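Report on the following structure.
In what follows, chains carry the letters A, B, and so on, assigned in the order in which the sequence lines appear, proteins first and then strands, with residues in each chain numbered from 1. Fair warning: this is a prediction, and the values are worked out from it, not measured in the lab.
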2 protein chains.
Amino acid sequence: MHRGGGGASATASFYKKVMKTYTISKLARAFELSRSTLLYYDRIELLPASGRTASGYRTYTATDYRRLERICTFRQAGLALEDIRILLSSRGSSCAQVIEKRFREAGQQILDLRNKQRLLSGMLKKLASDDSTPTVDKKMWIEMLQAAGVADRSMSCWHREFERRAPDAHHEFLASLGISEEEIRQIRGWSRKGKAARDQD
Amino acid sequence: MHRGGGGASATASFYKKVMKTYTISKLARAFELSRSTLLYYDRIELLPASGRTASGYRTYTATDYRRLERICTFRQAGLALEDIRILLSSRGSSCAQVIEKRFREAGQQILDLRNKQRLLSGMLKKLASDDSTPTVDKKMWIEMLQAAGVADRSMSCWHREFERRAPDAHHEFLASLGISEEEIRQIRGWSRKGKAARDQD
DNA sequence: CGTAAACTGTGAAGCGGTAGACGGGTCAAT
DNA sequence: ATTGACCCGTCTACCGCTTCACAGTTTACG
């Protein structure tokens, strides 16, 4: 493609001059990772640095950049680094198997978490009833939200998401807390509207 | 609380003879924990053994049993051991705060996992289309979702979402699983209508 | 050109919540 | 008293990093 140069080493130095390379920290910043993370990826040979400078600094090329891009995508999906290594080195159906495995795993984790939430809300209900507070669950719940300091952004976001993805489940969940139908309608109302009436980011 | 009272007291030996005590492994088996776990709980003083035999073996009493019962309940809810320590030593509203914190955390984790699942199914779809090799067939897909514990509700939610975002892709996807046109029509039918998917399946 | 700041390398230890192995001491039954 | 089952404390490993410490290197500015 480009001119032949004068031998292999000349070509290498040509590339060194022309190709964009990254130092470890620059690459880290590009992906909002820490330097340590990339050091770690280098050590476990998930993303080995392509080369070193004369003084021993790691250099990363555009190819490394693209590899890291993929790694980050997979990590966002919660894949284990070992699985990512497999994915990066194999193409085809074995990829599907790994991804599918993770999908199942995530599904199971969701079930577990939901179960935990059930237990937790049970505990809260029990606490509230033990607690001389006669107004049962609704008060407890509201107290919970407010004491959380979560109040606004996270919780309304959570409700919106819940409502969008699984309206029925949302209803059921609220009902399980002993909240009245009317109250549920209100909550689901502003959940559907998106930007909640009662708080603005 | 003075406990593990040293030595050769008649009272101590009385209790030792009369009260039911557990060795560490028996207690572990009673709660389906490993011995290591209880050793760890002892070390971090979450569940210190009440006493020791003359030869240094840990002894656990019925009180310890009850404490461990509570610990296990909290752990099932996914609480961190440090939080459990707080819960066990405090009673009242600070309990609610800790539990509530965990509840929110779990909710966030569920959202994260769902998001990961979206990414993963995106990857699978892309793989399936790139490959044009029908590595994922209907049976596998359904198995996958069911194994994931995705209830019919969530499943129909997923279909609805797919139908809403990309009707053509939805059709294509279903076809790629080798599902008949008729069945596809059915699925897409209730996907569009929204709810009512539950009586099916 | 000098200096200070920001970078680089390596290696090791630490987190939580277990699981499991090790070498050796102790118990219950014979 | 001798088995064999149990138990002891201590150690290491796991994941995915992060933090530390310390020494050499590059870069920015004056």
Side-chain angles (χ1 to χ4, degrees), chain A residues 16 21-60 64 68 71-88 98 101-102 105-106 109 112 116, chain B residues 4 16-17 21-60 64 68 71-88 98 101-102 105-106 109 112 116:
Chain A
K16 268 183 192 165
T21 64
Y22 302 84
T23 61
I24 194 167
S25 288
K26 280 188 180 166
L27 190 61
R29 270 193 296 271
F31 287 91
E32 299 187 299
L33 299 171
S34 70
R35 184 178 79 106
S36 316
T37 302
L38 293 188
L39 283 173
Y40 179 66
Y41 288 176
D42 188 21
R43 204 168 59 207
I44 66 172
E45 295 182 303
L46 176 64
L47 181 72
S50 287
R52 300 282 184 129
T53 66
S55 56
Y57 285 17
R58 287 166 180 81
T59 56
Y60 293 92
D64 297 328
L68 184 52
I71 290 172
C72 287
T73 305
F74 289 135
R75 266 212 41 70
Q76 269 171 40
L79 285 152
L81 297 186
E82 277 316 306
D83 286 339
I84 293 176
R85 194 202 302 273
I86 293 168
L87 284 174
L88 290 174
V98 171
K101 190 193 76 184
R102 173 61 196 150
E105 207 177 272
Q109 285 172 359
D112 291 349
K116 289 178 203 303
Chain B
K16 269 180 190 166
K17 273 172 192 163
T21 62
Y22 302 84
T23 62
I24 193 167
S25 290
K26 279 187 181 165
L27 192 60
R29 270 193 298 272
F31 287 92
E32 298 187 298
L33 299 171
S34 71
R35 187 178 72 102
S36 315
T37 303
L38 292 188
L39 283 173
Y40 180 65
Y41 290 177
D42 188 20
R43 204 170 59 205
I44 66 171
E45 297 181 302
L46 176 64
L47 181 71
S50 286
R52 300 283 184 132
T53 66
S55 54
Y57 286 17
R58 287 166 180 79
T59 56
Y60 293 92
D64 298 328
L68 183 52
I71 291 172
C72 285
T73 306
F74 290 136
R75 268 218 41 72
Q76 269 171 39
L79 284 152
L81 298 186
E82 277 316 307
D83 287 338
I84 293 176
R85 194 202 301 275
I86 292 167
L87 284 175
L88 290 174
V98 171
K101 190 194 79 186
R102 173 61 195 151
E105 206 176 272
Q109 285 173 357
D112 290 350
K116 288 178 203 304

May I ask you to verify if any side-chain N or O of A:R58 is less than 4.0 angstrom from the OP1 or OP2 atom of C:dT10?
yes
Spacing between A:Y22 atom OH and C:dT8 atom P, to the nearest angstrom
15 Å
Are any non-hydrogen side-chain atoms of B:L81 and B:Y40 less than 4.5 angstrom apart?
yes
When you measure from the side chain of B:R85 to the backbone N and O of B:I44, does any donor-acceptor pair fall under 3.5 Å?
yes
All heavy atoms of A:C72 vs all of A:F31, minimum pair found to be SG-CD2, 3.8 Å
Any donor-acceptor pair under 3.5 Å from A:K116 side chain to B:Q76 backbone:
yes
Protein heavy-atom contacts under 4.0 Å, written 5' to 3' over nucleotides 24-30 of chain C as B (base), S (sugar-phosphate only) or - (none), form the string -BSS---
Would you call B:D64 and B:Y22 a side-chain contact if the rule is heavy atoms closer than 4.5 Å?
no
When you check the side-chain N and O atoms of A:S25 and A:T23, is any donor under 3.5 Å from an acceptor?
no
Roughly how many Å is it from CG in A:L47 to P in D:dC17, rounded to a whole number?
12 Å
Mind calculating the distance between CG (B:L38) and C1' (C:dG20) to the nearest angstrom?
15 Å
Atom CG of B:L39 and atom P of D:dT12: how far apart are they, to the nearest Å?
16 Å
Between D:dC7 (P) and B:R52 (CZ): distance, integer Å
14 Å
Which heavy-atom pair separates B:Y41 from B:I71 by the least distance, and what is that distance?
CE1-CG2, 4.1 Å
Touch class at under 4.0 angstrom, heavy-atom based, for B:I24 against every strand present
sugar-phosphate
N/O-N/O pairs, protein side and nucleotides 15-19 of chain C side, under 3.5 Å:
residue	atom	partner	partner atom	Å
C:dT18	OP2	B:Y41	OH	2.6
C:dT18	OP2	B:R75	NE	2.9
C:dA19	OP2	B:S34	OG	2.4
C:dA19	OP2	B:T37	OG1	3.3

Please list each protein N or O that sits under 3.5 Å from an N or O in nucleotides 1-4 of chain D, with the distance.
none

Using side chain to side chain contact (heavy atoms under 4.5 Å, CB included), reason through A:L46 and A:E82 one step at a time and then give a plain yes or no.
CA-CA 8 Å; A:L46 176 64; A:E82 277 316 306; over 6 Å; no
Can you find a heavy atom in the side chain of A:R102 that is under 4.5 Å from one in the side chain of A:D83?
no
Of B:L33, B:L38, B:L39, the residue whose pairing with B:R35 passes side-chain contact (heavy atoms from CB on, under 4.5 Å)
B:L39
Take A:D42 and A:R58 through the side chain to side chain contact (heavy atoms under 4.5 Å, CB included) test and state the conclusion after the steps.
CA-CA 10 Å; A:D42 188 21; A:R58 287 166 180 81; 2.4 Å; yes
Of the options C:dG9, D:dC8, C:dC7, whose atoms approach the side-chain atoms of A:R29 most closely?
C:dC7
